[in-house]
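Before any comments, here is the structure.
Everything quoted here is computed from the prediction, not taken from an experiment. As a basis for the values below, the full set of heavy atoms in this structure was taken, side chains included, without hydrogen atoms, waters or symmetry mates. The first residue of the sequence shown is numbered 1, and numbering continues consecutively from there.
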Amino acid sequence: MTHLPLAASRGFDFLDVYAIGLLAGGLALLVAVLALSRQSERPFSAAVVYLVMGAIASLGLTALGVNLLDPIEDAVLIERAAELAVIIALFSAGVKLDRPLGWEAWNSTRRLIIIVMPLTIAAIAAFGSLVMGLSLGAAIVLGAVLAPTDPVLAGDVQVGPPGEEQESETHFALTSEAGLNDGLAFPFVFLGVFVASGGSDWWSEWIAADLFYGLLIAVVVGALGGWGLSKATGWWRSRDWLLADYDGWLAVAGVLVVYGLTEAIGAYGFLAAFAGGLAFRRRERGRVQDHHTRIHYGAQTVEQMSELALVLLLGSTVTLTGLAVPGFSGWMLVPLLLFVIRPAAVAIAFTRSRLSVPERLFIGWFGVRGIGSFYYAAVAITTGVLSAGEAELIYWTVVACAGVSILLHGISSSPLSQRLEAAGGGR
């Protein structure tokens, strides 16, 4: 019997999984470029396309016999992948915001952070404990994981590039909220972890280290880092050490430095990333500079590609078995969160606000959940204090909430934004 040479046998290796993976990756990137190119003209966001592609990928991988990621065993991989996407989005959100810092100027943000976020955590935790059967610690973790709105997936309802448009109150509120609450959720996640661990002497440590030190140091390091990066880039540019062609990469380099330094000294890198973006923009606020715009678009490109990768990755892990894990009570949390808890909390927070009813409804509806929630769920799982059953229940409940949020908010973002603007509430 004549055997083919090694090269020929390799050349005729049909249905090679690696080759199919490259094909799928190339097609996914092509679809992403096309989706992003005409995004402003479509009634749905690119994330909706990615989610559908991820679901198709899941079916394809299953048919090929490829093992999907396990949310418990591969929690560290999910955590790190989501981490990168979120920190780039947080820095980008900070760079977008032109509004001066001030108590009254950030009134909407204060209401969303001080009132809406704690109410959301408490309501979800109560539902998780009383209806879903979670322990108190796991219920608090679920509330903290699902409370933050997502800076990665909410781009369609956020403000535009720095200096290019007037910041409407609704879009400013949603952008600043997503920038802040993704960092401020950390203490509440660890509160749930401490409660789940069953100890009794953790209160002082949590208040001193997780609440005060972690938040304060993050803001200081982020602000100094962003301000210093802005000053340094101006100095480098004046000496022709920095070519304008590479401005877009400054956002990536800068946020990695700020985030890495903050995490290295035990503070919250997410909050530092947003503070760094704010400080970077604040140093020369009021002057529209080309390099700020290029930095914004550079960060936005990385953010969009990260969004594609993460939604595809997470979507491709979804199985019918996993979707059944939350059960009836877990799936009931989805409409409760999107249609009751978030809108009700916003309605309470904006009582006596100068915002119109349509503006309040807009902010109440667009509490987009997504990649940030997966990050926090992975962090909680990797601590090892949750039981296997509770870890699975939390993760798949996040899948349900984020998946439905991506679909509903992605489909409604463009038409509702246009309707609000037409009604005079988007400016």
Side-chain angles (χ1 to χ4, degrees), residues 40 43 45 89-90 93-124 146-151 153-185 274 277-278 281-282 285 335-370 372 405 408-427:
S40 60
S45 69
L90 289 171
V95 172
K96 291 177 184 177
L97 296 174
D98 285 324
R99 184 171 300 190
L101 298 176
W103 187 257
E104 284 304 317
W106 288 60
N107 179 53
S108 296
T109 311
R110 285 191 292 109
R111 293 171 185 261
L112 289 167
I113 297 301
I114 298 175
I115 302 175
V116 173
M117 187 176 177
L119 285 178
T120 303
I121 294 174
I124 296 174
L146 287 175
T149 53
D150 197 274
L153 300 170
D156 288 351
V157 291
Q158 293 183 358
V159 298
E164 288 195 5
E165 67 172 32
Q166 182 181 357
E167 293 175 345
S168 70
E169 191 60 36
T170 53
H171 288 62
F172 169 79
L174 292 169
T175 306
S176 56
E177 178 195 21
L180 282 170
N181 66 12
D182 249 306
L184 295 174
F274 179 67
L278 274 178
R281 179 61 183 159
R282 283 301 163 284
R285 188 186 65 81
L336 185 67
L337 172 60
L338 300 183
F339 293 99
V340 179
I341 294 177
R342 166 74 179 190
V346 169
I348 293 171
F350 284 85
T351 302
R352 297 183 181 179
S353 168
R354 289 177 292 182
L355 291 183
S356 65
V357 172
E359 289 175 318
R360 299 182 197 189
L361 292 174
F362 187 88
I363 294 174
W365 170 239
F366 283 108
V368 183
R369 266 65 188 181
S405 176
L408 294 184
H409 292 130
I411 292 171
S412 62
S413 59
S414 180
L416 290 184
S417 293
Q418 293 172 5
R419 182 175 299 181
L420 181 67
E421 183 176 342
R427 290 288 176 236

> How close do Arg369 and Ser405 get, heavy atom to heavy atom, and via which atoms?
Replying inline: N-OG, 3.0 Å
> Where do Ala347 and Thr351 come nearest, in terms of heavy atoms and distance?
Replying inline: O-OG1, 3.1 Å
>> Under 3.5 Å, is there a donor on one side chain and an acceptor on the other for Thr170 and Glu359?
In response: no
>> In the structure I gave you, are the side-chain heavy atoms of Leu355 and Ser108 within less than 4.5 Å of one another anywhere?
In response: yes
> For residues 339-348, which residue pairs qualify under salt bridge (charged side-chain N to carboxylate O under 4.0 Å, His left out), counting only residues two or more places apart or in two chains?
Replying inline: Glu177-Arg342
>> Quick check: do Trp365 and His409 have side-chain heavy atoms less than 4.5 Å from each other?
In response: yes
>> If I take atom CG from residue Leu119 and atom CG from residue Leu112, how far apart are they, to the nearest 0.5 angstrom?
In response: 11.0 Å
> Can you tell me how far the CG atom of Leu278 sits from the CG atom of Asp98, to the nearest 0.5 Å?
Replying inline: 10.5 Å
>> Return the CG to CG distance between Leu420 and Leu361, rounded to the nearest 0.5 Å.
In response: 9.5 Å
> So, for Trp106 and Arg99, which heavy atoms are closest and what is the spacing to 0.1 Å?
Replying inline: NE1-O, 3.9 Å
>> For the CD1 atom of Ile341 and the CG atom of Leu336, what is their distance to the nearest 0.5 Å?
In response: 4.0 Å
> So, do Phe366 and His171 have ring centers that fall under 6.0 Å from each other?
Replying inline: no
> Considering all heavy atoms of both residues, which atom of Pro343 and which atom of Leu337 are nearest to each other, and what is their separation?
Replying inline: CD-O, 4.1 Å
>> Tell me every residue that passes side chain to side chain donor-acceptor pair (under 3.5 Å) with Ser176, counting only those two or more places apart in sequence or in another chain.
In response: Thr109
> Taking C-beta and beyond as the side chain, do Leu184 and Met117 meet within less than 4.5 Å on heavy atoms?
Replying inline: yes
> What closest approach, in Å, do Leu97 and Phe274 show between heavy atoms, and which atom pair accounts for it?
Replying inline: CD1-CZ, 3.8 Å
> Is there side-chain contact between Phe362 and Leu174, with heavy atoms separated by less than 4.5 Å?
Replying inline: yes
> If you round to the nearest 0.5 Å, how far is CG of Leu180 from OG1 of Thr175?
Replying inline: 11.0 Å
>> Ignoring hydrogens, what is the shortest heavy-atom contact between Asp150 and Gly372? Give both atom names and the distance.
In response: OD2-N, 2.7 Å
> Checking salt bridge (charged side-chain N to carboxylate O under 4.0 Å, His left out) for the pair Arg360/Glu169: CA distance, chi angles, key distance, verdict?
Replying inline: CA-CA 10 Å; Arg360 299 182 197 189; Glu169 191 60 36; over 6 Å; no
